Amino acid sequence: MAFDVIIIGSGLAGLAAALELAPHRRVALVSKGALRSGASQHAQGGIAAPLGPGDSVAAHLRDTLEAGAGLCDANAARAIIDQACAAIGWLQAQGVAFSTEGAHLHLTREGGHGQRRIAHAADATGRAIIAALVARVEQQPAITVLARHCAIDLLLSGAPGSRCHGVRLLDLDRGLRRDIAAAQVVIATGGAGQVYASTTAPPSATGDGIAIAARAGARVANLAFTQFHPTGLHHPRADGFLISEAVRGEGGRLCLPDGSRFMPAHDPRAELAPRDIVARAIHAEMQRHALDCVHLDIRHQPRDFLLAHFPLIHGRCLALGLDIATTPIPVAPTAHYTCGGIATDIDGRSSVPGLYAAGEAACTGLHGANRLASNSLLECVVTGRAAARDILASPLATPSGAAMATAVAPAHAAPADAAAMAACVARQRQALRASMSRDAGIVRSDASLRRAADHIRALRRALEAHDPADDGLALLELRNLALVADLIVGDAQARRESRGAHFNQDWPDRAEAATGQAAPP
Ligand SMILES: Cc1cc2nc3c(=O)[nH]c(=O)nc-3n(C[C@H](O)[C@H](O)[C@H](O)COP(=O)(O)OP(=O)(O)OC[C@H]3O[C@@H](n4cnc5c(N)ncnc54)[C@H](O)[C@@H]3O)c2cc1C
């Protein structure tokens, strides 16, 4: 249990950091689920890089800044996009087989991109990437995988904001708490989609890393900007399944149930406008016509094309009784991506010494107020590796003495009324998610944000009555969801304007200068 670096999270950002650090450092790779439990595994569309003929870093940057609605950090965005082609090369070197067309990578197009720029592995890009990287990790003796271990909090040398020298974990199988020490900790825990009732994000996306960092005194930024994906599959058994933006990139049209197309009336870029615009347009049409969903029509493409480009979507829809070659797909906006997070520089350094963050948990300034499609896998690879390189450049340090010993303590015995307690936690989680979707979702108002804030305040007060030492996974996650919801609503209330993924109907215009809680360093 002696490590140089602890990485919390085994999605793309965590795996990229681990592979860059090994064999030079002893790495603990911690995941509260299995190695493949994060959002990365579910990524469909692909990863953006200016690889096409006539494309350039400048053009990719332009589209990124445009989607980010004036809130990107242009220098950070340029630095990340500069590394995009190298990131694709690195993934290929790890064994990722992207879809090809002749001798070249096949590039698809997604909303907000001025041209074809998305490298992909059919429509299951995340699965292909994670399979290749996990195989590499499993061959690397310098990496110790601690699966089914949930990070609870960071070990600090003093008050919040002081040096981080380890992590307190809950071993989910044995019910043990243990403190493990390391000179550096990388948070790569993904986003907080589970704050909302409907989301494409996996169950692990409870914002733990953001909450853990905030409790440790790290700066967080831009949490008002939850990106809603315009086209979540609308079906009782969809289970958060996403209909990739690439379907619109290949000509899919959004229609009302009577077959009429509506996007051209909302934006000249129609179905390929940035996600916030498409999601709000669908939301408005659903409200206007009292609909639960709209339709995405890709029937003009032959079945062979659909099977070649969208085998996952075709198969999943068919299993639900929807043949996308003959039937329009029912879709509705759903929470998808956490644009804000732990404020970091482009080397992943947070404001807490010794603490790094990468991937969706971090806020580097690349996404600003709205993420450009397929820029997040890119950010995971570039910043995960950059954080690792920054750690490698610092002298190999022994973690501070106090935390060197591994303290193992049993978690407190489950209370006698454990079943009633579990049901109560589940109810509170559901109520929080419903409140966030209703009052802090795609369209917000001052009054709705106040209602959400009141709900969160009452929940957090109730949670304070519990001794955190008694928390099992469900309560740990609820505590984190409540804190992240508070940060989202607080940031939204601080913004007296609408911008990117944040829309407040009482402040519908974009202000000259953005306001908010904090900006990336
Ligand atoms: C359905 C879907 C499709 C997408 N498609 C695309 C796409 O085509 N292109 C694109 O660029 N982006 C896409 N995205 C977004 C992208 O997949 C994610 O932003 C990205 O994969 C996040 O990677 P990550 O490494 O930051 O986190 P994740 O992959 O989410 O991994 C987080 C890890 O942290 C672990 N964890 C969380 N909390 C704790 C804790 N307390 N203790 C220990 N471990 C913890 C989890 O178990 C998991 O291992 C998609 C997202 C979804 C949901």
Side-chain angles (χ1 to χ4, degrees), residues 6-18 28-49 87 108 110 118-121 123-127 129-130 133-134 145-154 167-170 172 186-194 199-212 227 229 231-233 238-246 249 312-313 334-339 341-342 357-362 366-367 371-381 383-384 473 476-477 479-480:
I6 300 167
I7 299 172
I8 314 173
S10 63
L12 179 53
L15 293 168
L29 183 61
V30 179
S31 174
K32 67 177 171 181
L35 261 188
R36 294 173 171 81
S37 57
S40 303
Q41 169 79 4
H42 301 285
Q44 295 180 353
I47 170 165
T108 190
E110 294 191 317
I118 319 296
H120 63 104
D123 61 349
T125 309
R127 197 189 291 171
I129 292 176
I130 297 302
L133 299 197
V134 164
V145 174
L146 296 174
R148 301 227 1 107
H149 279 70
C150 180
I152 301 172
D153 268 313
L154 299 174
V167 181
R168 173 154 299 166
L169 297 174
L170 174 62
L172 295 172
V186 182
I187 290 183
T189 46
Q194 290 288 328
T199 181
T200 59
S204 62
T206 48
D208 295 2
I210 297 168
I212 287 169
Q227 182 174 76
H229 197 290
T231 56
L233 177 62
D239 203 18
F241 189 74
L242 179 72
I243 305 299
S244 164
E245 190 133 354
L312 183 70
I313 293 171
T334 178
H336 183 57
Y337 186 81
T338 307
C339 296
I342 305 160
E360 195 171 336
L366 172 66
H367 307 304
R371 173 187 71 126
L372 182 65
S374 286
N375 264 356
S376 42
L377 292 182
L378 168 64
E379 185 183 43
C380 286
V381 177
T383 59
L473 180 64
L476 286 172
E477 288 187 340
R479 200 179 287 280
N480 291 334

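For ligands, and for the atoms within them, numbers begin at 1 and follow the listed sequence. All heavy atoms count here, side chains included; hydrogens, waters and symmetry mates do not. None of these values were measured; they are calculated from a predicted model.
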Mind checking whether [X] has an N or O less than 3.5 Å away from an N or O of ligand 1?
X: Leu378; answer: no
X: Ala151; answer: yes
X: Ser10; answer: yes
X: His42; answer: no
X: Leu35; answer: no

At less than 4.0 angstrom from any non-hydrogen atom of [X], what atoms of ligand 1 do you find?
X: Ala188; result: 32 (C), 33 (C), 34 (O)
X: Gly359; result: 26 (O)
X: His149; result: 42 (N), 43 (C)
X: Gly33; result: 47 (O)
X: Asp208; result: 38 (N), 39 (C), 40 (C), 41 (N)
X: Tyr337; result: 19 (O)

Test item: [X] side-chain N/O and [Y] main-chain N/O as donor-acceptor pair under 3.5 Å:
X: His149; Y: Ala147; answer: yes
X: Glu360; Y: Thr338; answer: yes
X: Ser374; Y: Gly46; answer: yes

Within-4.5 Å side-chain heavy-atom neighbours: [X] and [Y]:
X: Gln194; Y: Thr199; result: yes
X: Ile129; Y: Leu12; result: yes
X: Leu169; Y: Ile6; result: no
X: Arg127; Y: Leu312; result: yes
X: Cys150; Y: Leu476; result: yes
X: Leu35; Y: Ile130; result: no
X: Ser244; Y: Ile313; result: yes

Provide, to 0.1 Å, the distance between [atom] and the closest protein heavy atom, together with that atom's residue and name.
atom: atom 27 (O) of ligand 1; result: Gly190 CA, 3.3 Å
atom: atom 47 (O) of ligand 1; result: Ser37 OG, 2.8 Å
atom: atom 9 (N) of ligand 1; result: Gly46 O, 2.7 Å
atom: atom 51 (C) of ligand 1; result: His336 CE1, 3.5 Å
atom: atom 23 (O) of ligand 1; result: Ser40 OG, 3.0 Å
atom: atom 18 (C) of ligand 1; result: Glu360 OE1, 3.3 Å
atom: atom 11 (O) of ligand 1; result: Leu377 N, 2.8 Å
atom: atom 44 (N) of ligand 1; result: Lys32 N, 3.0 Å

Say whether [X] and ligand 1 are in contact under the criterion: heavy-atom distance to a ligand atom below 4.0 Å.
X: Leu242; answer: yes
X: His367; answer: no
X: Gly209; answer: no

> Where the closest heavy atom to atom 39 (C) of ligand 1 is concerned, which of Asp123, Ile243, Thr189, Thr383 has it?
Replying inline: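 Looking at heavy atoms only, Thr189 sits closest to atom 39 (C) of ligand 1.
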>> Tell me the nearest of Cys150, Ala39, Ala13 to atom 17 (O) of ligand 1, using heavy-atom distances.
In response: Ala39
> If we ignore angles and hydrogens, is there a donor and acceptor under 3.5 Å between the side chains of His120 and Thr125?
Replying inline: no
>> Whether the Glu379 and His367 side chains hold a donor-acceptor pair (N or O, under 3.5 Å, no angle test) is what I'd like checked.
In response: yes
> Backbone, side chain, both or neither: what part of Glu110 comes under 4.0 angstrom of ligand 1, heavy atoms only?
Replying inline: neither
> Does ligand 1 have a heavy atom under 4.0 Å from the side chain of Thr200, from its backbone, from both, or from neither?
Replying inline: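 Contact part for Thr200 vs ligand 1: both backbone and side chain.
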> Is Glu477 salt-bridged to Lys32, cutoff N-O under 4.0 Å?
Replying inline: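 Salt bridge flag = yes for Lys32 with Glu477.
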> What's the spacing between Ile342 CD1 and Ile212 CD1 if we round to 0.5 Å?
Replying inline: 8.5 Å
> Please walk me through it: do Tyr337 and Asn375 pass side-chain contact (heavy atoms from CB on, under 4.5 Å)?
Replying inline: CA-CA 11 Å; Tyr337 186 81; Asn375 264 356; over 6 Å; no
